[in-house]
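Remarks on the structure that follows.
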Amino acid sequence: MTGDHHVLPPPPPPPPPPDLHNTIEEGSQNSDQLFEDDGNELEMERNDIDIESSGLDIESNDLQDDCDQMLEIEDYHESNGDDATAVSVENGISQGKNYPPPAVGMEFESYNDAYNYYNCYAKELGFAIRVKSSWTKRNSKEKRGAVLCCNCEGFKTIKEANSRRKETRTGCLAMIRLRLVESNRWRVDEVKLEHNHLFDHERAQNCKSHKKMDAVAKRKVEPTVDVEVRTIKLYRTSLVDSVGYGCSNSLEGEISECVDRSRRLKLKKGDSQIIYNFFSNIQLTNPNFVYLIDLNDEGCLRNVFWIDSRSRAAYGYFGDVVAVDTTCLSNKYQIPLVAFLGVNHHGQSILFGCGLLGDDTFETYVWLFRAWLTCMSGRPPQTIITDHCRAMQNAISEVFPRAHHRLHLSHVMQSILENLGELQESGVFQMILNRTVYETVKVDEFEMGWDDMIRRFGITDHGFLCTLYEERERWAPVYQKDTFFAGMCTFQNGESTISFFDGYVHKQTSLKEFFDTYELVLQKTHKKEAVSDIESRGLSPVLKTSCFYELQLSKLYANEIFRRFQDEVVLMPCLRITQSHANGHVITYMLKEHGAEGDRSNTRNFEVMYDKAGMEIRCMCSCFNFNGYLCRHGLYVLKCNGVEEVPFQYILSRWRKDFKRLYIPNVESNNADSSNPIQLFDHLYRRSMQVVEEGMKSRDHYTVAWQAFKESLNKVRLVANNHV
């Protein structure tokens, strides 16, 4: 089961669409805030309030306190009894043990599931609920939204004041508002947890809502395991204890027998509070921070994912290639951390989100990737690089079917040595392995070299090598020539693994230690990028040759990328053309490359194709796809053809020193889904920040921007006032 929950400032409750039929089962003085008059008629039934608004037809009905209008529902939760209830009255907010308190962003597969959850939560604490209001499509019984409130909501009407019935209403404001969203799931978009009365378990047990729940409590539905239709109980809770929900009388650190250890996040005592504190604190300074929580069928914390607004925005600029770092998970670190990584215009690692996983199964990775993809507005990367893991590979095929999935070459090479026993100490074997993998430029060269290697060392029947060879197209460089890597895999001997938390997270690092250093690592990374920006714009790199390509790109590339490109320029004198063949406007060149300083003991041949008409060039070394800039072989051919500047299509904007980034979430369309508060927030926030960026350029820019903000705010308030 999958679902997505984003933590944002609670949006104002949206009005029901104009084609909805509304029913107010229980009214209050605040009920008129539920609806907006947009010129379309809404038919409403209500009890004790009057609304004067054009286009509304009001019918008055006498409804009883015992919730005669309550829907017939089925409950799939079994009560654990009153002894399982824990009530905290600090700040007037209640919280149960077996059911997390409701929170904005929770989603349910059906209305009944949402009702049952709130009903069980209420019974556990000792209060009853009723349906305060609901609305359906006009001329249809399809429910589109509802408000569930505490049974003590409101007060008696005038005609009920003389009734002999005991007064049970206290004007309690506790409630949740539910809305059917486009994904056909029911989302909580408003919550009030505070009660103004004491809880009464005995009275609550006799309430109609709980009686109906008990009548069907024995009928339980087995959850389906199909990841496509299975709805993950993905609650964004105020506090989720890894063992506190789903088992009666459980204490943190004590695991009840009813919880499957293998299907929950392994947390130590106090870790759940650490997670909660971290998320709460970071939201105070980062309003567009998002976190998602996955609960298992027992209600225990299974997986967590989070991402800040800067990472979401950076993905819009540098999300072409993404690496998934599962080092902590695969090496059994104390924290099962998974990090999504990319590289910025300086070639520096940047963070695209983090997760804590309960296991490394196919279902868990599907949840993680879908959660991450949702936060990235559904835009997958071109290339995704991971460790060698069958479950992750299958999950990527499921969630990112069009992305190029490749394996970390350095991890593959390391795993080969680790699985070969004594051979890993053989210098001869390592030399031949490196030469076969890194230095072959044609498929047949690699395959012949691999076959010779395994025969020479007697490992033709080695199971691990056979399996790895079957997947060679995911890791061997000769098969990757059409895949863009943005320099994240250089395919050179001795390449280092991309890592973001290297040096900060070790095998024994605790969750508290990780979260304590998390913000520090981010700050250092942001500072490093800012310093590199200043250096690239203010310091001109030293040129090493008289080549005009070097001069041209020294003015365009960020310094670090230019230094990498410069290494290619410096090696151009080591090349010479041995032959060429023309076919129309396409010329194929054969280049011979010898070692530096005339060393001809290590000579290699490269084939380069050049299209004069389109000024397109392709080298068999595929440096442009691997690293994002032209290789020395291509530059040499361009020079031989009298091309004075590197063609613009080979100067990627992601490497430019003047590459402008607005680190707020990217909104690709001018339209936002009015039913999706996340899109509304992202869209408005980005547009406003663009005004801020422009307004900082000068005093005049500031004055115009400030005036525009004031005028816009007045217009928005005017619209709001018209709907009161």
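Nothing fancy with the numbering, it's 1 onward along the sequence. Since we're looking at a predicted model, the values are computed, not measured.
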For the backbone of [Y] and the side chain of [X], can you confirm whether one donor and one acceptor N or O come within less than 3.5 Å of each other?
X: Gln424; Y: Leu420; answer: no
X: Asp325; Y: Thr327; answer: yes
X: Ser311; Y: Leu351; answer: yes
X: Gln649; Y: Met615; answer: yes
X: Gln566; Y: Val542; answer: yes
X: Glu560; Y: Gly347; answer: no

Close side-chain approach of [X] and [Y], heavy atoms under 4.5 Å:
X: Leu591; Y: Val637; result: yes
X: Glu519; Y: Leu522; result: yes
X: Phe659; Y: Trp655; result: no
X: Gln348; Y: Thr525; result: no
X: Val338; Y: Cys328; result: no
X: Leu553; Y: Ile651; result: yes

Do the numbers put Arg312 on top of the ring of Tyr315, so that NZ or CZ is under 6.0 Å from the six-membered ring centre and no more than 45° off the axis?
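Because its charged atom misses either the 6.0 Å distance or the 45° angle limit, Arg312 does not stack over Tyr315.
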Which side-chain N or O atoms in residues 606-614 pair as donor and acceptor under 3.5 Å with protein atoms at least two apart or in another chain?
| residue | atom | partner | partner atom | Å |
| --- | --- | --- | --- | --- |
| Asp611 | OD1 | His585 | ND1 | 2.7 |
| Asp611 | OD1 | Ala613 | N | 3.0 |

Considering only distance and modelled atom types, tabulate donor-acceptor pairs under 3.5 Å from the side chains of residues 456-466, sequence neighbours left out.
| residue | atom | partner | partner atom | Å |
| --- | --- | --- | --- | --- |
| His462 | ND1 | Phe464 | N | 3.3 |
| His462 | ND1 | Leu465 | N | 3.4 |
| His462 | NE2 | Asn419 | O | 2.9 |

Walk me through whether Asp533 and His346 qualify under side-chain hydrogen bond (donor to acceptor under 3.5 Å, both in side chains).
CA-CA 8 Å; Asp533 281 341; His346 299 293; 2.7 Å; yes
Could you pull out all residues at least two apart from Leu551 that satisfy side chain to side chain contact (heavy atoms under 4.5 Å, CB included)?
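Once residues adjacent in sequence are excluded, the partners of Leu551 under the side chain to side chain contact (heavy atoms under 4.5 Å, CB included) criterion are Leu543, Ser554, Lys555.
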Would you say the rings of Tyr636 and Tyr589 are close, in the sense that their centroids are separated by under 6.0 Å?
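Between Tyr636 and Tyr589, which both carry aromatic rings, the centre distance is not below 6.0 Å.
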Met572 vs Thr545, side chain to side chain contact (heavy atoms under 4.5 Å, CB included): CA-CA, chis, key distance, verdict:
CA-CA 10 Å; Met572 284 175 60; Thr545 72; over 6 Å; no
Might you work through the side chain to side chain contact (heavy atoms under 4.5 Å, CB included) test for Met453 and Phe429, ending with a clear yes or no?
CA-CA 8 Å; Met453 178 186 71; Phe429 174 77; 3.9 Å; yes
Determine, for Glu398 against Arg370, whether the closest basic-nitrogen to carboxylate-oxygen distance falls under 4.0 angstrom.
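Answer for the salt bridge query: yes.
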Decide, yes or no, whether a salt bridge links Arg656 with Asp658 under the criterion of side-chain N to carboxylate O below 4.0 Å.
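Looking at Arg656 and Asp658, the cut-off is met.
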From CZ (Phe485) to CG (Asp320), nearest 0.5 Å:
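With rounding to 0.5 Å, CZ (Phe485) is 12.0 Å from CG (Asp320).
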Verify the neighbour count for atom CE of Met448: are there more than 12 heavy atoms of other residues, nucleotides or ligands below 6.0 Å?
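No, because the 6.0 Å sphere around CE of Met448 holds 12 heavy atoms or fewer from other groups.
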Quick check: are there more than 12 heavy atoms from other residues, nucleotides or ligands sitting under 6.0 Å from NZ of Lys639?
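Not more than 12 within 6.0 Å, no.
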Going through the checks in order, is the side chain to side chain contact (heavy atoms under 4.5 Å, CB included) test met by Glu471 and Arg390?
CA-CA 11 Å; Glu471 299 187 49; Arg390 179 67 65 180; 3.0 Å; yes
Minimal non-hydrogen separation, Trp372 against Phe352, with atom names:
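It is NE1-O, 2.9 Å.
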Can you name the one residue among Arg472, Arg474, Glu473, Arg406 that meets side-chain hydrogen bond (donor to acceptor under 3.5 Å, both in side chains) with Tyr479?
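Of the listed options, the one satisfying the test is Arg472.
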